[in-house]
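Below is one structure, written out as C-alpha cells, with a few remarks after it.
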Amino acid sequence: MSDDNPSHPLVTDKFSTSKYMEENSGNSRRETARPKAEKREKTLGSKLELRKKLIQRRRWLVDLKFATAIFGIIFMVVENELYFSNMYEKGHIVSLCLKSLTSISTLLLLVAICMYYHTGMEIRMVDGGVDDPLVVTPLSTWFMLVAELVVCAIHPFPGDINIAMETVKEIKVASSIDRILSVLMMFRLYIVGSFMVVHSRLLTDPSTQSIGALSTVRINPFFVLKSAMNKHPVFVIAFIMLSMYTVSVWAMRTCELYYTTTTDLTSFMWLSAMTFLTIGYGDLTPHTQCGHFVAIVTGLMGLGSCALLVAVLARRLEQSRSERYVYNFLTRIHLQNKRKTAAANVVKLVVRIWINKCRYGSGRSLTLLNWKLRNAVRTMRLARASLAEIDGTSIGLIEISQMMTRVNRMIDVMLSSQNKLSQQLRLIEKQMAKLKVKAKVPKS
C-alpha cells in the first residue's frame with residue numbers, strides 16, 4: 001500500500017499513536033497552563049502594586065489630617081488670644097475670618113478622615129481578595145470612624161453664640177460657647193501621634209511588614225510607642241509631660257478668662273502644675289464648670305504620666321544581666337570567705353574550750369567561749385544558706401535555655417558519633433561474613 005493512499009494511517013504503531021496523542025495533549029495542557037500562570041502572576045503583581053499605592057495614599061492622607069488639624073488649632077488659638085487681648089469683640093470681621101478658616105480646615109479634616117478609612121477598607125479588600133467592603137470591615141472600625149468624626153467636628157463656629165452658664169458660686173452669667181468648643185477642639189491633637197507613627201522608621205522600612213506578617217507581633221502604633229519608650233525613654237516622657245502640661249495651662253486659661261478678668265499667666269501655670277502633679281494645695285481653684293472639667297482631665301493625665309515615669313525609672317534602675325552576674329559573683333566570694341572564717345573560728349574555739357576545761361574546769365571564760373562558738377556556728381550556717389539561695393536565684397530562663405541548647409548540641413554530636421560507629425560495625429560484620437564464606441569454600 002503506497003504512502004499516498006488517504007486510508008493509510010499516519011502512525012502504524014499503536015504505542016506510537018498513544019505516545020503521539022499524549023505529547024500533543026501535554027503540549028496543549030502546557031500551553032493552556034502557561035497563560036493561567038502568567039495571569040496569576042500578573043494578578044498577584046497588580047495586587048501588590050495596588051496595595052503599595054494604597055499605603056502611600058493612606059500616608060498622604062495622614063499628612064493631610066495632621067496639616068488641617070494643626071492649622072485649625074492655630075486659627076482657633078489666634079482668634080482666642082486676640083479676643084483676650086481686647087483687640088476686638090466677638091462678631092468682628094477678623095473673628096469671622098479666622099473662624100471661617102477654622103471651619104474650612106475642619107471640613108477638610110473630616111473629608112480626609114473619611115478618605116483615610118475608605119483607603120483602609122480598600123487595603124483590607126485587596127488583602128482578602130473580596131469586593132464587598134462590609135465583609136472585611138469590623139464593627140469597631142465603623143465605631144472609630146464615627147468617634148473621630150465627632151471629635152474632629154467640634155470647633156468654634158463663626159459668629160457670637162452666648163449661653164447661660166452657672167459658675168461654682170451659683171452665679172448665672174451669659175458666656176460665649178467658644179470657650180467650651182475651643183477646649184474640646186484640643187482633643188484632635190491625637191492626630192499628632194498618628195503622624196509620628198506613620199513617619200516612624202519602623203513602619204517605613206519595607207521589611208517591617210514582612211516580619212510582622214511572619215511573626216505573631218502586630219506592627220501598630222502601640223508597638224512604635226513601646227519601641228520609642230525603650231530606645232529614648234527620657235525624651236518621650238519629657239515630650240509627653242510637657243505637651244500635656246502646655247495644653248492644660250492654655251485650656252484652663254481659656255475657660256477662666258471668659259468669666260474672670262485675671263490675666264496673670266503665672267496663676268494658671270501654678271494651678272495646672274498642682275493639678276497635674278496631683279498635689280492640690282487649694283490656694284487656687286477654678287471658678288467655672290469648664291475649669292473643673294479641665295482640672296479633672298489634667299489630673300488624669302498627671303496620674304498616667306507619673307505612672308509611666310515610675311515604670312521607666314524602675315526598669316532603668318534594675319540590674320542588667322552582666323551587672324547581676326558580677327554582683328552575684330562578688331557576693332558569692334564574700335560569703336565563701338565569711339564561711340571559711342567562721343569555720344576556722346569554730347575549730348579554734350573548740351580547741352580553746354577543750355584546753356580551758358582541762359585547766360580550769362567550768363567558769364566565766366568557758367561560758368564566753370561557748371557563746372562565741374555558737375555565734376561562729378550560726379554564722380557558718382547562715383553563709384551556707386545564703387550561698388545556696390544565690391545559686392538558686394542566679395539561674396533564670398535565659399540560663400536554662402542556654403543550658404538546654406548546649407545539651408541538645410551534645411546529644412546531636414553523640415547521635416552522629418553513634419551512627420558512624422553503627423555503620424563501621426555493619427561494615428565489620430559484612431567483612432567477617434565474607435571471610436567466613438571464603439573459609440567454608442573447599443580448595444579445589
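Everything numeric here is computed off the predicted structure, so don't read it as measured data. The figures that follow rest on heavy atoms only: side chains count, while hydrogens, waters and symmetry mates do not.
You'll find the side chain of Cys152 stays beyond 4.5 Å of the side chain of Thr106, heavy atoms only. Put simply, the side chain of Thr246 does not reach to within 4.5 Å of the side chain of Trp250, judged on heavy atoms. Side-chain atoms of Leu271 and Pro286, non-hydrogen and from C-beta on, do get closer than 4.5 Å to each other. Taking the side chain as every heavy atom from C-beta outward, Arg406 and Arg409 never approach each other to under 4.5 Å. You'll find the side chain of Ser386 stays beyond 4.5 Å of the side chain of Thr331, heavy atoms only. Gln336 is not listed as a side-chain neighbour of Thr341, based on a closest heavy-atom distance of 4.5 Å or more.
By the 30° and 60° cut-offs, the orientation of the rings of Tyr245 relative to Phe276 is perpendicular.
Cation-pi check for Lys65 over Tyr116 is met; the charged atom lies under 6.0 angstrom from the ring centroid and within 45 degrees of its normal.
A salt bridge is defined here as a Lys NZ or Arg NE, NH1 or NH2 lying under 4.0 Å from an Asp or Glu carboxylate O, and Glu122 with Arg58 fails to meet this definition.
Taking Asn337 as the reference, nothing meets the side-chain hydrogen bond (donor to acceptor under 3.5 Å, both in side chains) condition, with sequence neighbours excluded.
Between Thr119 and the options Arg59, Arg57, Gln56, Lys53, a side chain to side chain contact (heavy atoms under 4.5 Å, CB included) holds for only Arg57.
When all heavy atoms of Tyr117 and Leu145 are compared, the closest pair comes out as CD1-CD1, 3.5 Å. In terms of heavy atoms, Glu256 sits closest to Gly291 at OE2-CA, 3.7 Å. Among all heavy-atom pairs drawn from Met252 and Ser272, the shortest one is CB-OG, 3.9 Å.
In this structure, OG in Ser182 is found 11.5 Å from CD1 in Ile154, a value given to the nearest 0.5 Å.
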Table please: side-chain donor-acceptor pairs of residues 372-380 below 3.5 Å, with sequence neighbours left out.
unit_1	atom_1	unit_2	atom_2	d
Asn375	OD1	Arg378	NH1	2.7
Asn375	ND2	Trp371	O	3.4
Thr379	OG1	Asn375	O	2.8

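The neighbour count for Phe329 CZ, taken as heavy atoms of other residues, nucleotides or ligands under 6.0 Å away, does not exceed 12. Within a 6.0 Å sphere centred on CZ of Arg352, heavy atoms belonging to other residues, nucleotides or ligands number 12 at most.
Without hydrogens or angle criteria, Ser416 side chain to Asp412 main chain gives a donor-acceptor distance under 3.5 Å. Side-chain N or O atoms of Asn80 include one that pairs as donor or acceptor with a backbone N or O of Met76 at under 3.5 Å.
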